[in-house]
Structure formats: C-alpha cells, structure tokens
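Encoded as structure tokens, the structure appears first; notes follow it.
Lettering of chains follows the sequences in order, A, B, ..., and the numbering in each one begins at 1.
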Amino acid sequence: MSTPYRFDHNAFAKTLQTTYANLADGEETGAVVKVAGRVMLMRTQGKLAFATMRDSSGEIQLFALEAVTENFAGFADLHLGDWVGITGEVVRTKRGELSVKVAKWERLAEALHNFGDKWAGITDHDLRYRHREADLWANERTRTNLQRRSQVVRSVRERCWAADFVEVETPMLNAIATGASARPFTTHHNALDSDFFLRIAPELWLKRLVVGGFERVFELGRVFRNEGVSPRHNPEFTMLELYAAYWNVDDMMAFTEELVAGVAMDVLGTTEIEYQGRPLSLAAPWKRRTMAELASEAIGEEVSVHTPREHLAKLLEGRGVSVHASWGAGRCLSELFEDAAEADLWEPIFVTEHPVEISPLARRHQVDPELTERFESYCAGRELSNGFTELNDPVDQRSRFEEQARLAAAGDDEAMSIDEDYIKALEWGLPPTAGLGVGIDRLSMLIADEANIKEVIAFPTLKPIRD
RNA sequence: GCGCCGAUAGCUCAAUUGGCAGAGCAUUUGACUCUUAAUCAACAGGUUCCGGGUUCAAGUCCCGGUCGGCGCACCA
C-alpha cells in the first residue's frame with residue numbers, strides 16, 4: 001500500500017486542548033484542522049470509532065462516524081502505532097472529550113511492531129536501550145529525560161554565549177591521547193597509514209586557541225574513554241570544556257556555581273531539587289573546602305600532602321585500599337579523600353588544593369608548590385566538574401609530562417604522554433587562564449533525577465549481541 | 001574484569017516438590033451510534049535466551065555461553 005509523501009499539518013494536540021479548553025460537552029466549533037501523529041489507542045463501537053492520537057505536543061481524541069468519515073471501515077482497521085494525518089472539525093463529545101471529528105484521514109505510515117502493553121508499556125531495559133524509538137512512545141519518563149537533556153545543553157550553550165565565550169571545535173582524532181588520565185580508544189586512518197586515538201579530552205587544543213588569541217572559548221562535545229561501563233559511566237560522554245584568559249581558579253568556581261544553578265533555573269525553574277528522594281540545593285554560592293581538610297575530618301587525623309608518604313600509605317592500607325608503589329604522598333592523599341570523604345558529599349561543594357602529583361596541567365599553588373590552584377565540584381556523592389588555574393610555564397609543563405612518562409613506564413596505562421606541540425604552544429605564551437570541565441551527562445542525571453546514566457543518553461553504549 | 005540477580009507468546013507477567021506451557025493486552029474474526037486501558041464473543045499465537053548434561057520426565061536441577069540490571073574494580 002502506497003503512503004503519502006507529505007501531509008499539510010496545521011495544528012497540534014496541545015494547542016487544541018488549550019484553545020478549546022472551555023468548549024462545552026457536545027459542542028462543535030466549526031473549525032476544521034489538520035493534525036498528525038500516531039494512533040495510541042483505538043475504541044471501536046459499531047458505527048463509531050474513537051482513537052487516541054499522540055503528536056509531539058500531547059494527545060487528542062479522534063472521533064470517527066460511519067456517516068461522516070471517509071472510508072470509515074479503513075479507519076476502524078488502523079493499527080496501534082500507525083501514523084495518521086487527519087482532517088476534521090474540532091468538537092467536544094457528549095462525554096466531554098475534546099476531539100477531531102474525522103472527515104478525511106490518511107495512513108502516513110504503518111507500524112509493524114506495537115509499542116508494548118498499553119498499560120505497562122515496555123519495561124525490559126535491553127529492549128528500551130536498543131530500541132529507544134519504541135521506548136520513547138512507550139514511556140513518558142524517557143521522553144521527559146531526553147527533552148530535559150536537550151534543555152540542559154541549550155541552557156549551557158546560551159549561558160556560555162552570554163558570557164562572551166566563543167564556541168569552537170577541536171580534533172577528535174589525535175596522534176596522542178592527552179588532557180586527562182584515561183585509557184583511549186584506538187583507530188586507524190588508511191590513507192595516512194597512521195593510528196589515531198579518539199580524544200579523551202579537548203583540553204590542550206582549547207588552550208592552544210587561547211594562545212592564539214581566543215580569550216574565551218568553549219567546546220561542548222563527545223569524549224571517549226576506554227573504561228568500564230556502569231550506571232554512572234558511558235564509554236562516550238559529553239563534556240563542556242571552557243577556558244577564560246585572565247581568570248584564576250576563584251573566578252572559575254564562581255562561574256561554575258552560577259552556571260549549574262542557572263541551568264537548573266532554566267530547565268526546572270528552581271535550584272531546590274530532589275535527587276533520588278533526597279533534597280538538594282544547587283543554589284550558589286557553594287561551600288569551598290580543601291582536599292586535605294576533608295580527608296582529615298573524614299579519617300579523624302590531620303593529614304596533608306606533607307604527611308610522610310609511608311604514613312599515608314599505612315592509613316590507606318588500614319582502610320583496605322591497596323597502594324601502588326609509584327604513588328607519592330599527593331596521590332595517597334587524593335586516594336584517602338576519595339575513599340573516606342567523597343561519597344558523603346551531598347550538597348554541592350568545591351574541593352580545592354589538589355596535590356600537584358595528580359594535577360599535571362594545573363598551576364602550582366602560590367603558597368604551597370606541592371599543591372595546585374585546582375577544584376573539583378562534588379554533588380550527590382560524585383564529581384560534577386573539574387577546573388583550575390592553567391599551568392602556563394612551558395618548563396614546568398615539560399617536567400610534569402616527564403613525571404607522567406615515568407608513571408607510564410612504571411605501568412600506569414592512564415598516564416599522559418609528552419605533547420611537544422603543546423609545550424611549544426606554551427612557549428608562544430599562554431596568558432593567565434582558568435579552565436573548567438563539566439560532565440553534561442552527570443548534570444543531566446541531576447536535573448532528570450535519574451540514577452543511571454543510560455537514562456539520559458538516547459542510545460547508550462551496549463554490548464553487541466553475538467551468537 | 002570479578003560477584004549477585006534476571007531472561008517464558010509481539011508487550012506485561014504467571015506456572016506448587018522436577019509431572020500436559022497459561023493469563024491480560026496487541027494481532028485475526030464477529031457484535032455494538034459517545035468511547036476513555038471501552039465492553040462482549042471466538043480464533044490464533046511458543047527454539048521457555050543459546051549449547052550441553054542429569055532424569056521415565058526439565059521453564060524448573062547441574063555445567064558452559066550470550067545479553068541486561070545491581071554491586072565491586074576502573075573512572076568523570
């Protein structure tokens with residue numbers, strides 16, 4: 001059966017429901033409209049048929065009568081899920097349901113599969129993730145989540161634009177994977193006969209644009225990390241990275257808390273949200289505490305990056321954390337913080353002053369050179385953002401990279417490689433600059449009140465089915 | 001990668017101690033001029049995730065595998 005190539009559509013369900021909200025039962029309007037959508041439910045009754053049609057805005061009833069509707073039998077024969085285009089008058093039935101009284105109808109496309117049980121919908125996770133197109137019709141929650149994610153991205157982008165940041169795009173195919181600590185995906189370019197890594201972060205490219213004179217840049221895009229999949233990790237995820245010349249870490253913290261609170265206002269209309277049954281306030285300003293303070297409080301003993309490495313290692317082992325031989329005091333302090341304090345950070349908080357050992361791209365703290373001017377924001381027990389005053393000294397940057405190379409040689413497959421081109425860029429001069437990274441999926445989870453990252457990704461990474 | 005749990009009709013789910021594989025919805029056929037998950041009647045629908053094994057007999061017990069959920073590890 002051939003189907004139409006286009007349909008003249010001029011009304012949405014929700015608009016009609018609003019416009020004719022006060023129409024009395026049994027009243028007709030004389031207004032003829034053309035609506036389109038999917039048939040979600042069908043109730044036939046002899047020479048009458050009632051269908052519930054859904055479009056992108058909402059639902060409206062279609063009311064067909066043998067005496068009025070062209071090819072009435074064909075209409076009553078429509079399958080649940082079929083796309084239809086309807087021409088008819090807006091009326092309210094005797095029983096009070098706003099309807100389009102079908103004069104003419106066309107089947108725009110046929111649905112060969114149904115959209116699940118009309119009461120329970122589709123609940124099987126595997127089916128929902130592999131066939132999100134069906135899940136979207138079966139589960140309103142899925143529609144809401146993906147709409148909210150879209151609103152989050154829009155809000156982030158508009159707020160960056162409003163603060164005079166320029167949106168740029170940098171390479172996803174890279175000769176070396178750098179800018180973060182993670183294992184990369186590898187791929188191959190045939191004509192260049194070269195292996196490439198999918199980017200794990202756009203960080204170094206963006207700072208090279210700042211060197212080039214783009215004083216405020218941001219990129220909103222996908223990064224790829226070859227790590228485990230979990231309810232909070234997808235191998236490809238979306239990150240906002242943003243750099244501002246002349247700012248320091250404090251400026252960037254202020255920007256971050258305003259950005260996140262602003263996104264919540266834009267999408268939900270409030271900063272006072274509920275996440276997984278617990279109230280959570282995203283309102284600025286957020287608390288600021290150093291990593292050493294939080295670790296000390298959590299373990300009940302004063303520790304810092306200057307605590308002897310062996311003592312920190314002993315504390316970690318006492319907590320059941322196995323300590324790698326290559327870890328210095330800085331890494332041990334960070335591990336202590338993560339093991340003892342991180343999961344209890346519910347309200348948004350900036351954790352600051354990370355050890356230089358775990359921050360190879362951040363500028364040293366002005367008072368204590370073993371620390372950096374860095375922050376990570378935590379919320380609902382997990383990291384939401386990461387930022388710092390950028391290291392702009394090419395000599396120090398080279399020695400940091402060399403330290404990373406030593407870690408790699410010692411077996412750390414997440415250590416960064418030396419990026420000579422980046423060092424050369426710094427030699428041209430990076431002004432004082434602060435940078436920020438925000439996980440958009442994690443932010444969307446907060447806004448959508450979802451515990452599983454797959455619920456805010458249209459098509460999450462799944463294992464292909466093998467026979 | 002490791003541990004625990006799950007997979008039965010298109011969808012949502014039952015199936016007692018190992019004893020004939022079922023229901024609702026969807027599909028098909030019929031009735032019905034105001035339905036709202038319409039209702040009523042009838043028909044049809046199965047590689048019980050895949051592959052082995054134990055047993056007179058396996059959806060059920062055992063072994064291996066696939067995919068998913070949760071936890072751990074890794075990480076953001």
Side-chain angles (χ1 to χ4, degrees), chain A residues 25-26 39-52 59-69 72 76-82 91-99 101 111-131 134-135 137-139 179-184 200-201 223-241 320-322 324 335 338-339 342 376-379 381-386 412-414 437-443 445 451-455 460-467:
Chain A
D25 294 358
V39 175
M40 301 308 290
L41 295 168
M42 175 74 81
R43 301 170 289 279
T44 62
Q45 184 164 348
K47 293 167 183 169
L48 303 180
F50 303 88
T52 302
E59 295 184 343
I60 191 159
Q61 178 168 272
L62 307 176
F63 177 28
L65 303 86
E66 190 176 48
V68 172
T69 304
F72 173 81
D77 245 5
L78 284 166
H79 285 182
L80 301 194
D82 285 352
V91 303
R92 192 176 290 282
T93 59
K94 292 178 196 167
R95 298 291 285 268
E97 189 70 31
L98 190 73
S99 307
K101 191 161 80 177
L112 297 178
H113 304 288
N114 66 34
F115 290 94
D117 185 272
K118 68 181 169 191
W119 186 241
I122 298 173
T123 58
D124 182 77
H125 287 99
D126 203 57
L127 181 60
R128 289 184 52 234
Y129 299 152
R130 289 185 199 276
H131 288 286
D135 183 32
W137 288 96
N139 293 301
S181 297
R183 293 160 64 187
I200 57 175
V223 298
F224 307 86
R225 298 189 184 176
N226 208 336
E227 307 286 355
V229 177
S230 85
R232 287 161 294 281
H233 301 83
N234 199 63
E236 51 177 306
F237 62 100
T238 300
M239 187 140 86
L240 166 71
E241 279 209 17
V321 179
S322 50
H324 196 277
E335 295 284 336
E338 285 176 19
D339 186 63
E342 176 176 337
E376 287 177 303
S377 71
Y378 285 82
C379 185
R382 47 183 179 258
E383 189 184 337
L384 183 62
S385 72
N386 179 25
D412 184 348
D413 52 13
E414 290 175 357
V438 180
I440 296 298
D441 309 81
R442 293 272 175 90
L443 180 56
M445 287 167 70
N452 190 325
I453 196 169
K454 290 184 173 72
E455 299 297 350
T461 305
L462 295 177
K463 199 162 178 173
I465 296 175
R466 289 190 293 256
D467 294 321

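Across all strands shown, His125(A) has heavy atoms under 4.0 Å from sugar-phosphate atoms exclusively, and none from any base. Here Gly228(A) lies in heavy-atom contact (under 4.0 Å) with a base. Using a 4.0 Å heavy-atom cutoff across all strands shown, Gly437(A) reaches no nucleic acid atom at all. In this structure, Asn234(A) reaches the bases: a heavy-atom distance under 4.0 Å links it to at least one base atom across the strands shown. Looking at heavy-atom distances under 4.0 Å, Phe115(A) makes no contact with the nucleic acid at all.
Nearer to the 5' terminus of RNA chain B, by closest-nucleotide assignment, is the contact made by Asp124(A) (compared with the other of Arg92(A) and Asp124(A)). Where Arg382(A) and Asp77(A) meet RNA chain B, the nucleotide closest to each residue was compared, and Asp77(A) sits on the side nearer the 5' end.
The phosphate of G68(B) (OP1 or OP2) has a side-chain N or O of Arg130(A) nearer than 4.0 angstrom. For the pair His79(A) and U28(B), the criterion of a side-chain N or O lying under 4.0 Å from OP1 or OP2 is met. A sub-4.0 Å separation between OP1 or OP2 of U36(B) and a side-chain N or O of Thr52(A) is absent. A sub-4.0 Å separation between OP1 or OP2 of C34(B) and a side-chain N or O of Gln45(A) is present. Applying the 4.0 Å criterion to OP1 and OP2 of C70(B), one finds that Asn452(A) has a side-chain N or O inside that range. At least one side-chain nitrogen or oxygen of Thr123(A) sits closer than 4.0 Å to the OP1 or OP2 atom of C13(B). At the phosphate of C25(B), neither OP1 nor OP2 sits under 4.0 Å from any side-chain N or O atom of Lys118(A).
At least one side-chain heavy atom of Arg43(A) sits less than 4.5 Å from a side-chain heavy atom of Thr52(A). Annotation: side chain of Leu98(A) is in contact with side chain of Arg92(A) (closest heavy-atom distance under 4.5 Å).
Atom name C1', nucleotides A58(B) and U17(B): the rounded distance is 14 Å, in whole Å. Rounded to whole Å, the C1' atom of C13(B) lies 15 Å from the corresponding atom of G46(B). Spacing between U8(B) and C4(B) at atom C1', rounded to whole Å, works out to 22 Å. Taking atom P on both C62(B) and C43(B), the two are 39 Å apart, rounded to the nearest angstrom. G6(B) sits 14 Å from U16(B) when the P atoms are compared, rounded to a whole Å.
Nucleotide C2(B): paired with G71(B) (Watson-Crick or G-U wobble, both distances less than 3.5 Å). Pair assignment for A21(B): none, as no Watson-Crick or G-U wobble contacts are both less than 3.5 Å. Of the nucleotides present, none pairs with U60(B) by Watson-Crick or G-U wobble criteria with both distances under 3.5 Å. When both distances must be under 3.5 Å, the Watson-Crick or G-U wobble mate of A41(B) is U29(B). Across all strands shown, C49(B) forms a Watson-Crick or G-U wobble pair with G65(B), both key distances being under 3.5 Å.
Of the candidate nucleotides C74(B), A26(B), C32(B), A26(B) has the atom nearest to the side chain of Asn114(A).
In terms of polar N and O atoms assigned as donor or acceptor, the side chain of Asp126(A) never comes within less than 3.5 Å of the base of G69(B) in a complementary pairing.
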### Query
Do Leu48(A) and Phe63(A) pass the side chain to side chain contact (heavy atoms under 4.5 Å, CB included) test, and can you show the C-alpha distance, the side-chain angles, and the key distance before you say yes or no?
CA-CA 7 Å; Leu48(A) 303 180; Phe63(A) 177 28; 4.0 Å; yes
### Task
Output, in order, the C-alpha distance, side-chain angles, deciding distance and verdict of side chain to side chain contact (heavy atoms under 4.5 Å, CB included) for Arg382(A) and Met445(A).
CA-CA 11 Å; Arg382(A) 47 183 179 258; Met445(A) 287 167 70; 3.5 Å; yes
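Using bins of under 30°, 30° to 60° and over 60° for the plane-to-plane angle, the ring pair Trp137(A)/Phe115(A) lands in the tilted bin.
How far CZ of Arg225(A) is from CD1 of Ile200(A): 6.0 Å, rounded to the nearest 0.5 Å.
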